[in-house]
Amino acid sequence: MNDLILIVDDARFARRVERKTLENAGFDNIIEANNAKEALAAFKEKNPALTILDITLPDNTDLTLLKQMLEVRPEAKIIMNSAIGQELIIEDAIAAGAKEFITKPFKEKEFIEKVAKVIENN
Amino acid sequence: MGEIEMNLFNCDGSLEEDVEDILYELGNVGVGMVSTTLGQILKVRVEIGIPVVTKADDSIMAHIKKNDTQKVGIFLDFANTLSGSVLVLLDMDFVKDVVEVFMGEKVSEDKLLTDKESISAIGEFAHVVVASYMNAMGSYTGIRIYVTPVEVKKGMTGELIKETLQHLNRNCSEALCVNTGMLITDSDGERLNDVGHIIMMPDDASVAKIVEAMDI
């Protein structure tokens, strides 16, 4: 599948797991960023079809990056993927415009189902 | 922070009973949630110790099992809504098991903290563990709890605690400590082994905020 997916996570291991999961499901057009600054630049420049966004990054510890991305492109498809699965924070993220919230550690099937649903939902 | 004025200590210097009760309970539910997460990831039964609530000072050492050995220390701070630090101390053997489960392959001990993939796996594991604790705490208090990325180091228990306290003292005037141990059943299923501690150290203003959020 050709949809460009941007993975944003500071942990190399997490990026590897997410990439592998996506590739196993046939998504092979993937770019990565490991901090908020790089992520925002890639988001603006590459216009990904989907962004998978961690909350805790070296230069971002809340939903600021999500909001910045949605200011740039309010219609952007962004899935939060974080171990921080607090109900209030999930609600905040969805209210801010995230399409889904996947809590780590995730099950591959659930991850791909949510990715596919968000990508297909135009 | 600092808008909430609250006495955390009695006149004799001991911890105020309500404060101790609340932090004790948070330690319980936090590590309880961690044990569930660890059980799911590692397919082991994780038991939790009794939380020990103290001032965040050198006395922490006395409550660490096997404190004369090398451990992996995972450091992070609270961000945004609360202030303070968190230290996760894990036994080397346990970390090796965790990394092997995460990476799906055998890893030699000397590569545990030198190989980038291995370090990253430890960091990711630590983040999941700490997030479980914070998720339980967030759910209990209604406070949105964010944390910084983790830093992973190997060292003697005393060195790791000292470094955390120095960092904490640079950022907070006073902090409390909730120290909860974790144990897993060994491969024979006969004995419980200590595998680590989660040491949460909110500063005084954050403790006041937590106590107020618990509304007692």
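Atom set for the values below is all heavy atoms of this structure, side chains included, hydrogens, waters and symmetry mates excluded. Please read these numbers as outputs of a predicted model, since none were measured by experiment. Below, chains carry the letters A, B, ... as their sequence lines are ordered, and counting in each starts from 1.
Of the atoms belonging to B:Ile143, it is backbone heavy atoms, and not side-chain ones, that fall under 4.5 Å from chain A. B:Phe125 does not touch chain A: none of its heavy atoms, backbone or side chain, sits under 4.5 Å away.
Top candidate by heavy-atom pairs under 4.5 Å with chain B, chosen from A:Ile55, A:Leu57, A:Val17, is A:Leu57.
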So between chain B and chain A, what donor-acceptor pairs come in under 3.5 Å?
unit_1, atom_1, unit_2, atom_2, d
B:Asn80, OD1, A:Thr61, OG1, 2.8
B:Asn80, ND2, A:Asp62, OD2, 2.5
B:Glu117, OE1, A:Arg16, NH1, 3.4
B:Glu117, OE2, A:Arg12, NE, 2.9
B:Glu117, OE2, A:Arg12, NH2, 3.4
B:Ser120, OG, A:Arg12, N, 3.0
B:Ser120, OG, A:Phe13, N, 2.6
B:Glu124, OE2, A:Lys104, NZ, 3.2
B:Asn135, OD1, A:Gly85, N, 3.0
B:Asn135, ND2, A:Ala83, O, 2.9
B:Arg144, NE, A:Asp92, OD2, 2.4
B:Arg144, NH2, A:Asp92, OD1, 3.2
B:Ile145, N, A:Gln86, OE1, 2.8
B:Ile145, O, A:Gln86, NE2, 2.8

List the steps and the verdict of side chain to side chain contact (heavy atoms under 4.5 Å, CB included) for B:Leu176 and B:Asp203. CA-CA 6 Å; B:Leu176 296 183; B:Asp203 74 349; over 6 Å; no

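Within the 4.5 Å cutoff, side-chain heavy atoms of A:Leu53 are placed close to those of A:Leu65. The shortest distance between side-chain heavy atoms of B:Val150 and B:Phe75 does not fall below 4.5 Å.
Considering NZ of B:Lys55 and CG of B:Leu165, their distance stands at 13.0 Å, rounded to 0.5 Å. With rounding to the nearest 0.5 Å, the separation of CD1 in A:Ile79 from CG in A:Leu50 is 4.5 Å.
For the 3.5 Å distance criterion, the side chains of B:Asn179 and B:His197 qualify, holding a donor opposite an acceptor.
At most 12 heavy atoms of other shown residues, nucleotides or ligands fall within 6.0 angstrom of atom CD1 in B:Ile50.
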